[in-house]
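All heavy atoms count here, side chains included; hydrogens, waters and symmetry mates do not.
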Amino acid sequence: PVLYNMTGFIKKFQYPNISQVNIWGGEDHDPVSYGKVFISLKPKEGFVITNREKTRIIDELIRTKNIISIIPEIIDPIYLYLMFKTSFVN
């Protein structure tokens, strides 16, 4: 669909504050949510974008290019930090 191809467009042209975009269909979400497309946006600064910015992106960009029966939903990214402790034995 059109939404899957919008990753580069969102990052480079409309919203330069976005450093990474992940888009997946509701059939791949947990729990499954048919009829939806989930969009996770990582800003260049901070950890999440504001609700006002999410609404603006959906209204100005996504709804104008979206299929009416698909519901876009922007969700905050989940950050996972790993710390490894290693040791070497000779």
For the atom pair [atom1] ([X]) and [atom2] ([Y]), what is the distance rounded to the nearest 0.5 Å?
X   : Y   : atom1 : atom2 : result
I71 : F38 : CD1   : CZ    : 9.5 Å
S40 : D76 : OG    : CG    : 7.5 Å
H29 : I75 : NE2   : CD1   : 5.0 Å
I18 : I57 : CD1   : CD1   : 5.0 Å

- prompt: Do I78 and I39 belong together in a cluster built from hydrophobic side chains that touch within less than 4.5 Å?
  reply: no

query: Honestly curious: do V48 and V21 fall in one hydrophobic cluster under the side-chain, below-4.5 Å linking rule?
result: no

For the residue pair [X] and [Y], what are the closest heavy atoms and their distance?
X   : Y   : answer
L41 : P77 : O-CD, 3.6 Å
F88 : T86 : CE1-OG1, 4.3 Å
P43 : Y79 : CD-OH, 4.2 Å

query: Can you tell me if S19 uses its side chain to pair, donor with acceptor, with the backbone of K42 under 3.5 Å?
result: yes

